[in-house]
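Scope of the values below: all heavy atoms of this structure, side chains included, with no hydrogens, waters or symmetry mates. Everything numeric here is computed off the predicted structure, so don't read it as measured data. So you know, we letter chains A, B, ... as the sequences are listed, proteins then strands, and number each from 1.
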Protein chains: 2
Amino acid sequence: MNVKVNHSARETILATARRVAQAHGYGGLNFRDIAEEVGIKAASVYYHFPSKADLGAAVAQRYWQDTKEELEGLSLAGDASAALRRYPDIFRRSLENSNSLCLCSFMSAEYDDLPDSVKSEIQVFSDVNVAWLGKELDAAGVVPREKSVKRARAIFAAISGAQLMARSRSDIALFDALISSYREAGLVPA
Amino acid sequence: MNVKVNHSARETILATARRVAQAHGYGGLNFRDIAEEVGIKAASVYYHFPSKADLGAAVAQRYWQDTKEELEGLSLAGDASAALRRYPDIFRRSLENSNSLCLCSFMSAEYDDLPDSVKSEIQVFSDVNVAWLGKELDAAGVVPREKSVKRARAIFAAISGAQLMARSRSDIALFDALISSYREAGLVPA
DNA sequence: ACCTGAACACCGTTCAAGT
DNA sequence: ACCTGAACACCGTTCAAGT
């Protein structure tokens, strides 16, 4: 696996903005704070991203691209059942990481206040997740083929909700209990 | 049923703030816009609510109180199975109402930026929902008694997630499909 | 190519002062 | 009791100027 570490200011801005957005949302993103963390001035951020909408869209795009790569890695690491079993861990890791929320969930809440370019990038995020889940559900054969996309959406929504509820209590054990309950009920493959 | 219409400025502020918070979150609450809608000046709002934290906490408290009343009404209207069947409609109605999100979901996303007083009120909201669901699940006998609270939490989290995903697409049919999928999978009583 | 100081318009919030 | 003008701090953005 080729891990690329990029030290350019643009990449540092992107990484910082992503962290901020997962904790405070698009509305909580502000160029002055990001600039301070990166070690440049707010006005300099505009050299790399001409507007807040551009920064937000770039962050959201990178977010789904990274997730897509991670999901592809999951697929390669084992069979479909194993991949599905490990899927919730992606959401768990956000919580482990300073009680962070999925960027897509936060921005879904902020839907009314999002520029169109940001909206469409976060929709790609859920599309990527649903497509991956549908494919793995098909491969695992746990659900009739014609139901796999519908079930994929349900799993994505339910796990997003579990992460949101766990965040509101800063309680990772609650997240685990919710996933376990989804499995017991038969929504999520065990 | 005694419907009380209250015309005091305080009540009008509360109702306006609730609507704004369900669309734009706690961060999106702003005294100038609320004041304009109410017909007073921004500074006057501070007479009724000494700080934004106080307004937020009052809105969140009223929100769970109203929901509690609505749930009690649901319990009285039929047996436990019927009540459980109609539970998702509460979340559906928010979407029908200008694609609004549950206040608790929005504020769970904003957790890091919430005053403690607001945090604790929105936690009461989920407590109220989980307690009601647990009670009805027990009465309906759809799940072993010792699992009813765990299942109640799972249902609440999953339905919250469905509402969030549907909002991000402005698509009520998606909400319906998700709930239907939860029922097919056996998570939510059909 | 990349960065900055300084400024602009705007907004959330505060508070002393009004009636 | 209820409201307001005026001020403050902050934020997104611009731009001429620096290296």
- Would you give a per-nucleotide map of nucleotides 8-19 of chain C, 5' to 3', where B means the base has a protein non-hydrogen atom under 4.0 Å away, S means only the sugar-phosphate does, and - means neither? ---BBBBB----
- Query: Any side-chain heavy atom of B:Ile155 within less than 4.5 Å of one from B:Tyr182?
  - Reply: no
- Would you say a side-chain N or O of B:His48 is under 4.0 Å from OP1 or OP2 of D:dA1? no
- Message: If only side-chain N and O atoms count, and only distance matters, is there a donor-acceptor pair under 3.5 Å linking A:Arg167 with A:Gln163?
- Response: no
- Message: OP1 or OP2 of C:dC2 versus the side-chain N and O atoms of A:Tyr47: is any pair under 4.0 Å?
- Response: yes
- Looking at B:Phe31, is B:Lys52 sitting on its ring face, NZ or CZ under 6.0 Å from the six-membered ring centre and within 45 degrees of the normal? no
- Sidechain N-carboxylate O distance under 4.0 Å for A:Arg92, A:Glu96: yes
- Report yes or no: do A:Ser170 and B:Tyr111 form a side-chain donor-acceptor pair below 3.5 Å? yes
- Query: Would B:Ser51 and B:Asp54 count as having a side-chain donor-acceptor pair, cut-off 3.5 Å?
  - Reply: yes
- Message: What I want to find out is whether A:Lys147 reaches B:Glu184 closely enough, with some N-O distance under 4.0 Å, to be called a salt bridge.
- Response: yes
- Side chains of A:Ser180 and B:Lys150: is there a donor and an acceptor less than 3.5 Å apart? yes
- For DNA chain D, what is the dot-bracket line, given that a base pair needs Watson-Crick (N1 to N3, plus N6-O4 or O6-N4) or G-U wobble (N1-O2 and O6-N3) geometry with both distances under 3.5 Å, and | means paired with another strand? ||.|||||...|||||.||
